[in-house]
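Notes follow the structure.
Counting starts at 1 for both ligands and their atoms, in listed order.
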Amino acid sequence: MRYLTALLFTIFILSCATAQNSSSEGTLGFSFLSEEENAFVQSELRRLTLKQKAGQMTQVAVDLVFEGPTYVLTVPPVLDSSKIDRIIGELEIGSILNHPSRSFPTPEEYHDYIGRLQARAMETTGVPLLYGQDAIHGVNYVSGATLYAQPLNVAATFNTDLASELAGITAYEMKAASIPWNFSPAMDVGRQPAWPRTWESFGEDVYVNQRFGLAMMQGYQGDDVSDQNHVVACLKHFTGYGSPASGRDRTPAYLPERQLREYYLPQYATAIESGALTVMINSGEVNGIPTHVNKHLLTDVLRGELGFEGLLVSDWQDVRYLYERHKVAKDLKEAVKMSIDAGLDMSMTAVTTDFPEIVLELVQEGEISMGRIDTSVARILAVKVALGLYDQQVWDPAAFPEFGSEQYARKALQSAEESIVLLKNDGLPLPIKAEQRLLVVGPTADNMRSLNGGWTYGWQGTESDEYLSDYNTIREALEKEFPGRVDYAAGASFDTLSDVDAAVAAVENVDVIVLCIGELSYTEDPGNINTLVLPKAQRDLFNALHETGKPIVLIMAAGRPRLMNQLSRLSKAVLFAGYPGPRGGDAVAGILSGRVNPSGRLPLTYPRYPNALLTYDHKATEALNGNFNPLFEFGYGLSFTDFVYSDLELSSRVLNPNDTLTVSLRVTNQGERAGKHSVLLYTQDQVASITPSARRLRDFLKLYLEPGEYRDVTFTLTADDIAFIGLENEWVTEEGTFTVMVGDLTEDFDYED
Ligand code: BGC
C-alpha cells in the first residue's frame, strides 16, 4: 500500500480543489474493498482525465506492442518502442491480453516484457495495466507451465476439491508470469454437443457447472487476490453461449426466460455471491438480442438481481461485431454507445484501437454521461486495487519455486486419471493381461493435440506437439507401460485413410487392438462441424480392423461426443478420454494396464444418433416409446471394482419450507480392487405446474474405498434444492411428492408448504 497511500494523500489534496465530476453513479463503494481503497478509487476518478478513463475501458491484444504484423510477430518477440508509445503513451490503454503471437514466453520473459509495459503505464497515467489471459487448463500460453485436463474432463472427475487445487496451481503459475487475470472458468453449460466449445464447459448440467465453476473460481481467487498465489477469475460467457440452436459457435440461442433463469443464471449467481470479480459477455445472441447490447441481462439481471459489483468485459472484438456481424448498429460509434448503455465496462477491442477515441467523442457530444463512464472506470480500478497492482505490477519468477514442479505434475496426472471414463468392458478385456501384445493404431494415438484440445500452446492448440514433446502420446505411454509388447500403425489421419493395409497386416502379431479415434484440437469457429458423425476414414479403419476378428479397445479422444454407436457395440472395451491434458497418454496406459482404476463419469449424455441430442434432464414426453435412448447416459462410468449401494434412507417422509432432509445410504466396494467412486444424487418431481424433468442432479460426492470397505454417506436437501422456475418465471417449490434416486435405489418424500 506504500505507493497507494502516498498517491491517495496527494490526490486528496488535489481533489479538494477540483470540482467533483462524478455523478452518484460514479461514487460506488465496493464491498470487496476497504474504506481506504474505496476512497482511493474515488480519488482516482477525480484525478484521471476523460481520455485516460476511455483508455482504462479499453483492452488490446499484446501483439499491438511488439515488432511485426499483428498475429505474425517476429520470433522471438521484440517489444516495439514506437508501438508502446502509441498504445500506452498516447492512447493510455489500461488493459492488455493474450501472448505475443507465435511465441509462448517463459515466466522470466513475461516478467521482463510485462514489466516494461507496466513501467510505462505507471509513468504515463499512474494506473497499472490489467493483464489477462485464457489459462483454462493451466497457464497454457507460458512455456514450462503445468497443464492439466480440460474443463469437461475436470467435470468428469466429479471431484471439486481436485478442481480447486488445479485452479490454485494455475493461479500460482500465472502470478509467476506476472499475469493476474484469468479468463476462466467458462460456465456455459454445454447443452448442444456439436458446439465446438463443449469441452471448455463442465458439461450439460447446470448444477455441475455451478459446483465446478465455483470450485475453480475459488481456486483462482483464494481469499485475497492480492496475495502472491492468487489471481482474478473471469466468469464467462454471460450467458446462454453454450446452447446455440445450430450447434455452431457464436450463433443464436433461443432461451425462454424460464430456461434462462433455471439453466443459465444459477452458476453465475453462486460464483458472484462467493466473490467473483469479473465477468465476460457471451459473444452470441439470445432471443435475437446480441448479449453485448442486452441491457436487461447485463444490467437488470447481472447487476440488479445477481448483485455483481465487479468488472464486465466484452469478448474479443464483440463491440465491433455488433455492426460488422450482428447488424444491430449502423456503425462502430453506435455499437460503442449501445454496449456501454447496456452495461459494458471494458471493451476487448483486441487488435483495433478506435474504441477509446469514440468513447471520448460520445461523452463530449453528450451521448454518454460522465457518470456512466465513472461507473465503469471505478469497477476497473477497483479490480486493479483489489489485486494490489498499484503497489506491485510484476512478480519475481524466482519466488515461485513450484512453477512446473513435479508436485504439480502429479496433480495434472491425477486430473487425467480421474477424468477418463470407462464406458464398456465386456468380457473384461481390461486390464490387458500379462504377455498380451497390442497394436496401437488410429489418428489420436500419437499426437498431443488430441489429448489437449485448444488453448494449448496456441488458441487452436496447433503447437502443442512442439511445446509438449516431453510428454507421452498414447502410443509412447503404452510403449513404456508394456515394454516390447506394443506395435504401432497410423491407419488413418482424421479424415483420410492412410495405409490401412499395413495396419491390418500388423494385427497378425498382436492379441488386442487399441484403436484411438476422435478429434484434433480446435476451439470456437474453426471447430464448427456439420455432423457429430465420425469421419468416414475413421469408421472405415475401424471396420477393417474389426474384420480381423481381434478384440478392439476403443479410445475416443475428443472434445465432444462424436458418434460411435456401431463402433462401441463391436468393441470389447471403450474409453472416453475427452481432452485429459499432457498426462493423458500416461493415464490411458495406466487404465489399460490396470495400474489405475478408472473413476470418471460422463458429465454429458453420449448420443447414439445424430438427431437424438436429448440431455439427461429431458421431459417425459421426449422419452416416450423408447425415444430417450442415448449410447451412454449422463453420469455413466465403470470401474474395475464393484460399488454397491444399499440402505437408502430419508430422515423424514415430509420436507417443510425451512427444514433439511437428510438422505443417507451405504456405499460398499464389493470388488477386489481399491477405487474411487462418485455418488450422484438425483430427484424427480412427480407432478408440477411446469412439466418436470425426468430427473435432476442435486448433489454428488466422491469417495475412495478399499476392497470390502463401506462408507455411510449423507446428503442434505432443502426446499431450494428442489425448486424450479415456475409459471411466474420465479423460483418456486411446489407441494407434492418427490423421488430421491441414487443408482437404482429410490425413496419418496412429500414437500409440504
Ligand atoms: C473467446 C474467449 C476468450 C477471449 C480472449 C475469445 O475469442 O471467446 O473465451 O476469453 O477470446 O482470448
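- Taken to the nearest 0.5 Å, the CD atom of Gln59 stands 7.5 Å off from the CG atom of Leu130.
- Residue pairs meeting the salt bridge (charged side-chain N to carboxylate O under 4.0 Å, His left out) criterion with at least one member in residues 194-215, sequence neighbours excluded, are Arg197-Glu200, Arg197-Glu524, Arg211-Asp699.
- With sequence neighbours excluded, the residues forming a salt bridge (charged side-chain N to carboxylate O under 4.0 Å, His left out) with Asp134 are Lys236, listed by chain and number.
- Residues forming a side-chain hydrogen bond (donor to acceptor under 3.5 Å, both in side chains) with Gln267 (at least two apart in sequence, or on another chain): none.
- Across all non-hydrogen atoms, the minimal contact from Ser226 to Gly388 is CB-N, 4.0 Å.
- Protein residues are said to neighbour a ligand when one of their heavy atoms lies under 4.0 Å from it; for ligand 1 these are Leu97, Asp134, Phe183, Arg197, Lys236, His237, Arg250, Met280, Asp315, Trp316, Met348, Trp455, Glu524.
- No side-chain N or O of Thr523 forms a donor-acceptor pair with one of Trp459 less than 3.5 Å apart.
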